[in-house]
S.K.: 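Handing you this structure, nothing more for now.
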2 protein chains.
Amino acid sequence: MELNNQTLLNELYGEHPQHYVAVDCVIFGYKDGDLKLLLYPRSFEPSKGNWSLLGGFIQKDESSDQAAERILKRTTGLDEIYMDQVAAFSKPDRETAARVISIAYYALIRLDDHDEEIVHQYGADWFSIKDKPDLIFDHDEIVSKALAKLQQKAGYQLIGPELLPEMFTLTQLRGLYEAIFLRSMDPGNFRKKVLSLGVLKRHNKKDSTESKKGAFYYSYDENAEMPDKEIGRIIKV
Amino acid sequence: MELNNQTLLNELYGEHPQHYVAVDCVIFGYKDGDLKLLLYPRSFEPSKGNWSLLGGFIQKDESSDQAAERILKRTTGLDEIYMDQVAAFSKPDRETAARVISIAYYALIRLDDHDEEIVHQYGADWFSIKDKPDLIFDHDEIVSKALAKLQQKAGYQLIGPELLPEMFTLTQLRGLYEAIFLRSMDPGNFRKKVLSLGVLKRHNKKDSTESKKGAFYYSYDENAEMPDKEIGRIIKV
DNA sequence: TCAAAAGTGTTGTAATTACACCCATGT
DNA sequence: ACATGGGTGTAATTACAACACTTTTGA
């Protein structure tokens with residue numbers, strides 16, 4: 001704030017209303033072939049106890065990005081998580097008790113890393129995206145927009161490091177993509193397409209938990225590409 | 001507001017700050033082979049007189065969509081304009097005088113329809129996207145995100161009705177696409193690709209203003225497809 | 001007549017798809 | 001021994017890009 005004249009400030013802005021602005025987080029995780037969603041039972045009225053997204057209010061001196069990070073950190077203990085803005089939701093009656101404008105985010109987290117205790121401490125739980133309960137307010141709409149945005153991102157950039165363990169097999173990666181796009185993909189074609197991107201590094205270790213033959217582990221090749229380089233379409237959308 | 005107990009409401013929300021929430025509109029138009037941007041000289045301090053996007057504050061009982069429509073209508077006289085949300089911009093210091101969270105939109109308008117008087121009445125003017133002045137605050141960033149979003153939309157859906165007159169030639173449509181994507185496209189290939197979508201209807205009238213031979217007019221074929229059907233990639237992104 | 005846009009056709013290459021098929025091994 | 005996923009190869013199809021060529025007509 002550079003202006004030192006409060007009167008002028010009021011003159012300029014005072015006639016306009018102010019609003020509560022919240023962030024709501026669609027937290028995606030991946031496990032057992034299913035894209036999961038972390039949901040919370042709302043802790044206060046109205047709609048207390050019903051499932052909802054993780055949310056919180058934007059404070060005086062933080063951006064919505066910072067607010068989303070803060071809320072995610074405080075509630076799940078997780079730090080340095082990939083997040084992306086979905087959109088702002090602003091219908092005047094979208095919440096029932098007061099007018100709240102919400103800026104929605106989606107986050108991608110690795111279920112392994114994850115501290116189960118701190119999740120359950122709030123009564124939160126993971127739900128398959130295919131089998132989630134109805135959510136409060138307009139949170140169902142937020143989830144579908146978030147999923148659409150995730151699909152779009154995954155279609156142009158390899159998502160995997162964000163949702164899988166450090167090292168993963170190509171079958172695990174395909175499982176993730178099948179979960180995100182809610183359809184099956186040809187194993188051979190998927191493998192070739194993904195490897196052709198040249199961003200994965202093969203390790204010598206093999207994973208034997210999912211197949212008898214064992215599959216090579218892969219991880220991101222750090223020195224392959226600059227991080228935000230366009231790597232082309234991965235799956236046809 | 002369903003809650004009749006103000007005390008409870010304060011208890012729930014009172015501890016959280018409220019914010020000014022504005023909408024900023026990136027208004028795209030198309031003329032003479034160039035994608036244009038409608039800019040306004042800011043009418044009050046700070047940064048008075050510098051070029052900025054059209055903006056305004058969200059009122060008590062309107063959504064951001066409604067606010068964007070209202071502001072566009074009031075300032076340009078235009079109604080029923082295609083608009084799409086870009087994103088929310090929320091850095092605490094993005095404006096200098098007070099903290100304002102902005103929800104950005106882009107709008108597509110036909111320059112023909114357009115009432116010149118009401119535009120100039122505010123000192124507004126059209127600028128080519130390739131040659132626009134620097135804007136105040138973070139408006140340059142908003143413009144580039146809006147353009148990216150427009151490009152993405154145009155890559156998957158035929159934009160034309162929104163930015164061109166009711167009837168248009170395929171060369172005009174190509175000119176629009178070249179302006180949006182800031183590169184030239186092969187006339188023959190563009191024509192074939194667009195016609196293969198099966199959403200355009202050819203008229204018998206010809207346009208002779210742009211070529212000696214004359215080119216057939218086309219328009220959207222209303223009963224061709226349901227409006228939100230996926231019509232596939234139009235240009236390679 | 002000739003430049004310039006309209007419109008059609010052809011051709012080589014790349015991407016996508018749908019498979020077939022062999023490999024390795026835990027049960 | 002065999003079912004299961006791992007991994008490679010191939011062939012048909014489709015999409016794309018480049019560009020040649022023909023048509024039309026105002027200047």
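Numbers restart at 1 for each chain; the letters A, B, ... are given by sequence-line order, proteins then strands.
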S.K.: For B:F190 and C:dA6, what is the distance between atoms CZ and P respectively, to the nearest whole Å?
M.R.: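 For the pair B:F190 CZ and C:dA6 P, the rounded distance is 12 Å.
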S.K.: Decide yes or no for B:W51 and B:F127: does some side-chain heavy atom of the first lie under 4.5 Å from some side-chain heavy atom of the second?
M.R.: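 The answer is yes, as the side chains (C-beta and beyond) meet within the 4.5 Å cut-off.
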S.K.: Just the rounded figure in Å: distance from P of D:dG7 to CG of A:L173.
M.R.: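 In whole Å, D:dG7 P lies 13 Å from A:L173 CG.
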S.K.: Using whole Å, what does the distance between atom C1' of nucleotide D:dA15 and atom CG of B:D186 come to?
M.R.: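 Whole-Å distance recorded here is 14 Å.
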S.K.: Tell me whether the side-chain N/O atoms of B:T171 come closer than 4.0 Å to OP1 or OP2 in C:dA6.
M.R.: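 Yes, B:T171 has a side-chain N/O under 4.0 Å of OP1/OP2 on C:dA6.
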S.K.: Tell me if the side-chain of B:N189 makes a donor-acceptor pair with the base of D:dA17, cut-off 3.5 Å, by modelled atom types.
M.R.: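 Answer is yes: a donor-acceptor pair is held.
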S.K.: Given D:dA18, C:dG7, D:dG7, identify the nucleotide with an atom nearest to the side chain of B:R191.
M.R.: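 Of the candidates, C:dG7 comes closest.
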S.K.: Quiz question: by atom type and distance under 3.5 Å, do the side chains of B:S64 and B:Y105 form a donor-acceptor pair?
M.R.: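 There is such a pair (donor and acceptor under 3.5 Å, judged by atom type) between the side chains of B:S64 and B:Y105.
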S.K.: Using atom names, set out every protein N or O paired with an N or O of nucleotides 22-26 of chain C below 3.5 Å, distance rounded to 0.1 Å.
M.R.:
{"unit_1": "C:dC23", "atom_1": "O2", "unit_2": "A:K213", "atom_2": "NZ", "d": "3.3"}
{"unit_1": "C:dT25", "atom_1": "O4'", "unit_2": "A:K212", "atom_2": "O", "d": "3.3"}

S.K.: Tell me whether the centres of the aromatic rings in B:F168 and B:Y218 are closer together than 6.0 Å.
M.R.: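 For B:F168 and B:Y218, the ring centres are not under 6.0 Å apart.
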S.K.: Aromatic rings B:F190 and B:Y177: how do their planes relate, parallel, tilted or perpendicular, breaks at 30° and 60°?
M.R.: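 Aromatic pair B:F190/B:Y177 classed tilted.
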S.K.: So, A:K153 versus A:Y82: side-chain donor-acceptor pair below 3.5 Å or not?
M.R.: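 Side-chain D/A pair, A:K153 to A:Y82: present.
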S.K.: Measure from CE on A:M185 to C1' on D:dG6 and round the result to the nearest Å.
M.R.: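 Taking atom C1' of D:dG6 as the reference, CE of A:M185 is at 19 Å.
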S.K.: So, A:D24 and A:R94, do they make that salt bridge, N to O below 4.0 Å?
M.R.: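 Here A:D24 pairs with A:R94 in a salt bridge, since their nearest N and O are under 4.0 Å apart.
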S.K.: Between A:R202 (CZ) and D:dG6 (P), how many Å, whole number?
M.R.: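 It is 14 Å, rounded to the nearest whole Å.
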S.K.: Expressed in angstrom and rounded to an integer, what is the separation of B:F168 atom CZ from C:dA6 atom P?
M.R.: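 Distance check: B:F168 CZ to C:dA6 P gives 14 Å.
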S.K.: Assess whether one donor atom and one acceptor atom, taken from the side chain of B:K192 and the base of C:dG9, lie less than 3.5 Å apart.
M.R.: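 Donor-acceptor pair under 3.5 Å: yes.
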S.K.: Quick one: do A:R191 and A:D186 make a salt bridge, cutoff under 4.0 Å?
M.R.: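 Salt bridge absent between A:R191 and A:D186.
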S.K.: Rounded to whole Å, how long is the line connecting atom CD of A:Q172 with atom C1' of D:dG5?
M.R.: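 My rounded result for the distance is 12 Å.
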S.K.: Take the protein atom OH of A:Y217 and the nucleotide atom C1' of D:dG5, then report the distance between them rounded to whole Å.
M.R.: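 To the nearest whole Å, that distance equals 15 Å.
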